[in-house]
Amino acid sequence: MPVVGRVEGRYNPHRVESSVKEYWNRIDLYKLVLSENSRCENAFLFIDGPPYPSGDVPHVGTAWNKSLKDAVLRFKRMTCYRVFDRPGYDCHGLPIEVKVEQRLGVKYKREIEERIGVEEFIDACKKLVYENVDSMTKWFMELGVLMDWSNPYLTMRDEYIESGWWLIKKADEMGLLDNEYRVVYWCPRCSTTLAEYEVEYSEVIDPSIYVKFPVKGCEKEYLVIWTTTPWTLPANTFIMANPDAVYAKILVSGEKYVLAKERLSEFLKETGLSEFSVVEEFKGRELEGLEYQHPLHDLIPLQEQLSKHHKVVLSKEHVALTEGTGLVHGAPGHGFEDYEVGLEYGIASAASPVDEEGRFTAEVGAYAGMYVREANERIISDLESRGCLLHKSTMAHRYPVCWRCKTPVVLRATKQWVIRVTKVRNELIEEASRVKWMPSWALDRLLHILDNLQDWVISRQRYWGIPLPIWICPNGHRIVIGDLEELLKYSGRRPGELHKPWIDEITFKCPKCNNEMRRVPDVADVWFDSGIAFYAARGKPFELKASEIPSDFIVEGHDQVRGWFFSLLRAGVIGFGVAPYKCVLVHGFALDEKGREMHKSLGNYVGTDEAIERAGRDPLRLWLLQNTVWEDLKFSWDGINEIRAALDVAWNVFVFASTYMNLDKYDPLIHSVGELRDHLKFEDKWLLSRVNKLVKEVTSAFNEYRVHEAVRALKDFIVEEVSHWYVRFARPRVWIEESALEKVAAYASMYYALKRWLVMIAPLAPFLAEELYLRFVKPAEPDLPPSIHLLKWPTIDENFIDEELEESMSIVRELASAAASARMSAGIKLRQPVKCITVYTNSERVRAALTEHLDASLFITNSKSLEVRPLDEVSKVVRYVAEPIYSAIGSEYRSLAKEVMKYVEGNAETVARDIVTFGRHEAEIGGVKVAVEPRHVNVKKIYGNNLVVREFKYGVIALDTRLTLGEVSEGLAREIVRRIQVMRKDMGLSVDAKVNVWIQMPREAIDVVGELKNYISSEVRALELTLSEEAPSRVSSNTYKKEWLIGEDKVVIYIST
RNA sequence: GGGCCCGUAGCUCAGCUUGGUGGAGCGCCCGGCUGAUAACCGGGAGGUCGGGGGUUCGAAUCCCCCCGGGCCCA
């Protein structure tokens, strides 16, 4: 006959986890789960945001990310969905290249081609990625993440690259693909353009100079500009002024300077000029078209070409009056804003005389070949020698640097491939707004980005990426290839693989002009790679219909609003005209204890390996998952320990329940809660109601992806409701020897609740749930599947939900708490029964609850009787007395103080009553009106004799501290029982072993406890029990003897088996 | 400099949507229990709810400003 299995010992996460891991391998859990779910009607399409495999061990934040995904996917499976669960890795990109450069000792990009060879380099990248992918996969599996690890999507695979090509071709067909000048961040060390998110800002010290630009045709008149980047001056094209600002022409030692009036005082302070006069004031717009001469025109050939543009232009937005002079030197080749303003004035050329490594080109003559930042000094001294430098100093400011190598970037105008997403902005906004964002502010962030939408620059001048599938001929004809087949059609050749350098070997004749077409050398930005995952992870894009595109659910950190969510959206709208996701959950960042970012260099970094090692998988997962999903998480070992402690309690609950169920051969299939319906007690019905409400709560939390609420509710239930409360009621019931229905009803209730709890905790703590399932549930129900992860999610049994009953229980709980507090101050331990507890309340609800559930109330308070009376009867048992606070009265009433004190002492009760009731007491003392306020007195409560009174939520309770002989003897009996139980435990006896007991104690004690001999016998399972003043005459060798002091009495207990 | 998030007990965090006497866990102090036991239970102390202003009879909660931390951008 199947019975409930036993859970023994202490919870040891590592032991549980390693045995469960081995079990899963043995039964091939993933395969079983797949086949279980293959029959499900509904599909759940999830797309894994691919982590970047730049390291071998995932960050705890990544562990959080994957745990969230795992919990949700497991829940979906249990609620019968076919889940698409292919994990992925984002394999391309500069961070991998930089790591490989370090391995190969590469300092400059050109070494890759000149010394290493592109083929070698790509192979090294691939090797690094595979190493890290294998290692990260191992750790994700260690965490219990149940996904298709045998088949992750890797963005570097040829089929994935083809999928990328498909989108670029699609963009071209839509007329969105372009090759044009763009001002981009450029890292001179990596020799590539950087996206905004590949740039970070750090403190850099730069020159700060004021430069005079001679106004044409006006002797000794100058436009004054300020700059921190002298190296951009060779490319100066125009000077910008704010049309609405007021400008001043000032006269300083025979020279006239033009600058914004508002900046004048700051300018004078910095330059140290003091003798000046204002010649003229005018609006900025009057400066428009004013021609000037470049101060270094004789040194820089490029300036010859640019001189035709050397005029003042206007810009409201880009000329700020918070720094500089209000006149801004404009170089469209070195600034986003400058470029824009240039376009407005029809200046399409964006002179950018800086090469890939940040050196000046021949166009700048004198400075050619110099690294731009190093040329600053020369440029400044040349300005000075020409009398055009007004002032020089240095300043520290935040300046963009490459996020990988920390080299200060330069801004360069270069030709880049862009997808003109600005043309589909409205669609982007519309589609983004249709998505469910959790929490909703994620949408606000994205809309803000879309408000300032820029075209998508997809090209990078590097190696390790998706090669752009664009072939051009010398006449500028271009063909965009959509997949390998199309490439074969044009070229007749299949490349070794689709990466550089192999792909670059493929050339073919231009269909239009018959010249040779070669691929453009660029690769795609990595964000392009991950942006197409929504279809590229699933197969060939042209096999998918638009209606099949949006995935049901994705979840990533809040940095991905601008990252992955944004690139997915762009790719979705370009490729299929839709947002490629229906619901997006945003999670927070894992920070260190102090809320700072974790960095290996700061020593505050915690890897998933260390966390698993120290905490265990389930405690780590639960701790991560209990954090409010979208808020940042502060790492804390103490926090993990708290969760660990809760799991200890949960484990012990199972030990408790399973020990007795197993002992009594409890079979849940025969004795179910339905079967025992009529025998369920108050606390049973309460537990069944609570657990069904828990199912409701956890289900809706999961359905709305509030995973943290599910964790917290499950934790609170097992700790607060089951362990702290229900078990207290259950304990005496399970000690009943015979197979009483009262006991079986407790078993049935516990089994029902614990099983449901286990199933619900399974997606969150999969190892622990499995272990307890196998030990506790499976032996009793052998027909259940071999793993808890194959069970269905529990349904809500509304019949068991009883709000009124729950409210009654919470009243009993309040009573118990108040009674415990009263006992405390009376010094009566809980084991000692008391005669009577009186509850004063005006609430009919409370009266009804306590009367109806008298047994429970008496049991939990260990009281012989309970009375409920109207609240105003409290006055019969409590009096308030005021005691004067002499210092307060003295300092306030001075000469009158003595009389006030006397008055308070004399009218202690009246004063106290008024203060309690009205907050003050007024009186006429010595002919003066006096108000006694709470600050003047201490109000003390005096209770009736032998009473301890406590206020509680529903009124007042009074505990009668007088004990009769009956109560005293019961208390003593329980003291004796407890000590015998300790001794049984010491002897290592099994719970149901029978014993013989001899108790030697004083006559008076025997008289007190004698009547309860049978009670003691049954509690301690004694065959024979002797109470005597004498020691036993013969003590056998297997007798355990121990001396105790109970109260004043010396008690010697002998136990033999 | 901008957008968004967070700031509540020593620590970690609920409560805020929809205003009505501020909660939990851990830690601490005191006590109890001992057939879940290197566990468990009860009680207690501990808070200008980041600061300031406003709306309101009433603000942790709604509005504005400021400060600190985070993410994203400039």
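Keep in mind that this is a model prediction, so the values were computed, not measured. All chains are named by letter (A, B, ...) in the order of the sequence lines, taking the proteins before the strands, and each is independently numbered beginning at 1.
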* Structure fact -> Picking from B:C6, B:C71, B:C33, the nucleotide nearest the side-chain atoms of A:E631 would be B:C6
* Going by atom types alone, do A:S723 and A:R728 pair a side-chain donor with an acceptor below 3.5 Å? -> no
* At under 4.0 Å, does any side-chain N or O of A:R445 touch on OP1 or OP2 of B:C71? -> no
* Structure fact -> Closest heavy-atom pair, A:P619 versus A:I643, reported as atoms and distance to 0.1 Å, is O-CG2, 3.8 Å
* **Pairwise P distance for B:C40 and B:G46, with rounding to whole Å** => 26 Å
* How is A:R731 classified with respect to the nucleic acid when contacts are heavy atoms under 4.0 Å: base, sugar-phosphate, or nothing? -> base
* **Test log, rule side-chain contact (heavy atoms from CB on, under 4.5 Å), inputs A:L768 and A:Y11** => CA-CA 9 Å; A:L768 177 66; A:Y11 171 49; 3.6 Å; yes
* Structure fact -> Output field dot_bracket for RNA chain B (Watson-Crick or G-U, both distances under 3.5 Å, | for other-strand pairs) contains (((((((..((((......[..)))).(((((.......))))).....(((((..]....)))))))))))).
* Assign A:D559 to base, sugar-phosphate, or nothing according to its heavy-atom contacts below 4.0 angstrom with the strands shown. => sugar-phosphate
* **Gap in Å between the two C1' atoms, one belonging to B:C13 and one to B:A74, rounded** => 34 Å
* Asked: Does the side chain of A:N65 pick up a donor-acceptor pair with the side chain of A:E556 at under 3.5 Å?
  -> yes
* Please find out if less than 6.0 Å separates the ring center of A:H558 from that of A:W630. => no
* Asked: If the C1' atom of B:G69 is compared with that of B:G53, how far apart are they to the nearest Å?
  -> 23 Å
* A:L591 side chain: which of B:C40, B:G70, B:A14 is closest? -> B:G70
* Candidate nucleotides B:C5, B:A36, B:C72, ranked by approach to the side chain of A:Y660 - the nearest -> B:A36
* Asked: Taking the same atom, C1', in B:G58 and in B:G2, what whole-Å distance lies between them?
  -> 36 Å
* What's the closest nucleotide to the A:E975 side chain, out of B:C33, B:G42, B:C13? -> B:C33
* Structure fact -> Closest of B:C73, B:U37, B:C71 to the A:V655 side chain is B:U37
* To do: For A:V653, answer base if it contacts any base atom (sugar-phosphate contacts may also be present), sugar-phosphate if it contacts only those atoms, and nothing otherwise; contact means non-hydrogen atoms under 4.0 Å.
  => base
* Between B:G7 and B:G51, how far apart are the P atoms? Round to whole Å, please. => 13 Å
* Of the listed nucleotides B:G2, B:A36, B:G70, the one nearest the side chain of A:F656 -> B:A36
* To do: For B:G43, take OP1 and OP2 only and decide whether either is under 4.0 Å from a side-chain N or O of A:S817.
  => yes
* Using atom P of each nucleotide, how far apart are B:G3 and B:C63 to the nearest Å? -> 15 Å
* Confirm from the modelled atom types if A:R10 and B:A39 form a donor-acceptor pair under 3.5 Å, side chain to base only. => no
* Asked: Could one point to a donor on the side chain of A:T628 or the base of B:A14 with an acceptor on the other under 3.5 Å away?
  -> no
* Inter-nucleotide P distance (B:G22, B:C65), Å rounded -> 28 Å
* Asked: Which residues pass the side-chain hydrogen bond (donor to acceptor under 3.5 Å, both in side chains) test with A:Y747, sequence neighbours left out?
  -> A:D664
* Between A:R182 and A:D455, does at least one N-O distance fall below 4.0 Å, as a salt bridge requires? -> yes
* Counting any heavy atom closer than 4.0 Å, what does A:V727 reach on the DNA or RNA strands: base, sugar-phosphate only, or nothing? -> base
* To do: Answer with base, sugar-phosphate or nothing: what part of the nucleic acid does A:K634 contact at a heavy-atom distance below 4.0 Å?
  => sugar-phosphate
* To do: Decide if the gap between the ring center of A:F336 and the ring center of A:Y185 is smaller than 6.0 angstrom.
  => yes
